Protein chains: 2
Amino acid sequence: MTSPTPKKVDITKPVLSKNDALAASNRARFANTGALVLNMISSPGSGKTTLLESMGRVLGGRLAVIEGDVRTQRDADRLRASGIRADQIETEGACHLNAQRVAGALDVMRFDDDPTEILVIENVGNLVCPSSFDLGEHMKLALLSLPEGDDKVLKYPAIFGRIGVLLVTKIDLLPHLDFDVDRVVRECASLNDHFKTFRLSAKTGEGVATFCDFLLAERAKLAGG
Amino acid sequence: MTSPTPKKVDITKPVLSKNDALAASNRARFANTGALVLNMISSPGSGKTTLLESMGRVLGGRLAVIEGDVRTQRDADRLRASGIRADQIETEGACHLNAQRVAGALDVMRFDDDPTEILVIENVGNLVCPSSFDLGEHMKLALLSLPEGDDKVLKYPAIFGRIGVLLVTKIDLLPHLDFDVDRVVRECASLNDHFKTFRLSAKTGEGVATFCDFLLAERAKLAGG
């Protein structure tokens, strides 16, 4: 007597399909207001929140932020203290944001009646898991900071293969560290033929205005401008 | 007419139970050789591999390493180049190691007949997902490097609540960064009452020998020495 063969069920499929449907709903809300929406991904400590503070000084009320962390309201508190509209999602253990949590934050922020031109969704600090979940954004950004080392791109191909923008951050440390920016860009180009690179220092401000100009131009393209 | 209530299935349970059984099997193998086994967890770029190179200079042939990355053999290649016995696991997309992959690496290394006294399993660079998966180790270590910022502990409570050792790394940068080591230790103590802290610089060597002495003493305790 043989046991019946157990059926194999791909448990990842329905989760992603549900997320994709909710991401499409978010995308429609973004299209309705005309905001450019970015999904910002990096390791913990690459400088995402510090860069957002710096972007707020350039973009003023044009910028709003949805913050994602496993726990704490720390990042949204920091941004609000510098005058940026921000809502915090606490994922309560989950290693990435999903479209449903983002939809909830959009409701809290009353996004649909909001003058936001650039909405940045700062994902949980994690270079692996956030890369697979569409939030409805127009573009994924990855930050790679100099202290993390120039060998990281090919170790984390899922994210670096999907980004529209690579931000090489803490560039002010370049004289003090052995970091080859060209290697990073070259390895990213081996995975991805449609990304732009910016070299930034939120500390000195280097590159931040240029990056913000790029975002405003991308937003104008959405409006057919 | 009402639809039947769908049954709720906790899909995380069977995965963890299978992993726990395999972790117990790994633990028995570790007990058999008497090696102390550490599960090393941090963000990408906190200095795990560089610290292991530095530990190799202190521990010599007493140390062996299992490397975990999503992709590439880069880290094991680096360690072997500095004379450390090392095997690389590529998780092919998975965001953490599991006990099964570690068991496979133990086979490849012929661990059961090996003179290793300290085995370090360097997990995938990720502060979230690796914290939930037992590999059979005696102790979890977390690295937090100064450039990541001193606000990270409460954002990632699952790992900082479970560690036996907190390694504050790149401590040579302390004069140049606004980083409060006491805050990090205090916040970790709010989650965890059984961890030890070491302040290290793999670059200058500060603290590395002291940390290695601690590991050898822990290993002697396993042997009842």
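Since the model is a prediction, treat every value here as computed from it, not as a measurement. Residue numbering restarts at 1 for every chain, and letters A, B, ... go by the order of the sequence lines.
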[X] versus [Y]: any side-chain heavy-atom pair under 4.5 Å?
X	Y	value
B/Lys170	A/Pro147	yes
B/Cys129	A/Asn126	yes
A/Val128	B/Val128	no

task = Identify which of A/Gly45, A/Ser131, A/Pro44 forms the greatest number of heavy-atom pairs closer than 4.5 Å to chain B.
result =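 With the most close heavy-atom pairs to chain B, the winner is A/Pro44.
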task = Among the options A/Asp151, A/Leu127, A/Leu144, A/Leu173, pick out the one with the most heavy-atom pairs lying under 4.5 Å from chain B.
result =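 Heavy-atom pair counts peak at A/Asp151.
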Nearest-0.5 Å distance that lies between atom CG in B/Leu154 and atom CG in A/Asp69 =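 Between atom CG of B/Leu154 and atom CG of A/Asp69 there are 11.0 Å.
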ask   = chain A: which of B/Thr50, B/Asp75, B/Leu146 shares the most heavy-atom pairs with it under 4.5 Å?
value =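 Greatest number of close heavy-atom pairs with chain A: B/Asp75.
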request  = Against chain A, work out which of B/His176, B/His96, B/Glu90, B/Arg74 has the most heavy-atom pairs shorter than 4.5 Å and name it.
outcome  =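 Most heavy-atom pairs within the cutoff with chain A belong to B/Arg74.
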ask   = Is the shortest distance from a Lys or Arg side-chain nitrogen in A/Arg71 or B/Glu187 to a carboxylate oxygen in the other one below 4.0 Å?
value =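 No.
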A/Asp178 atom CG, neighbour heavy-atom count above 12 within 6.0 Å =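 Check fails, neighbour count at 12 or below.
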ask   = Given that the side chain runs from C-beta out, which part of B/Pro157 has a heavy atom under 4.5 Å from chain A: side chain, backbone, both or neither?
value =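 Interface part for B/Pro157: side chain.
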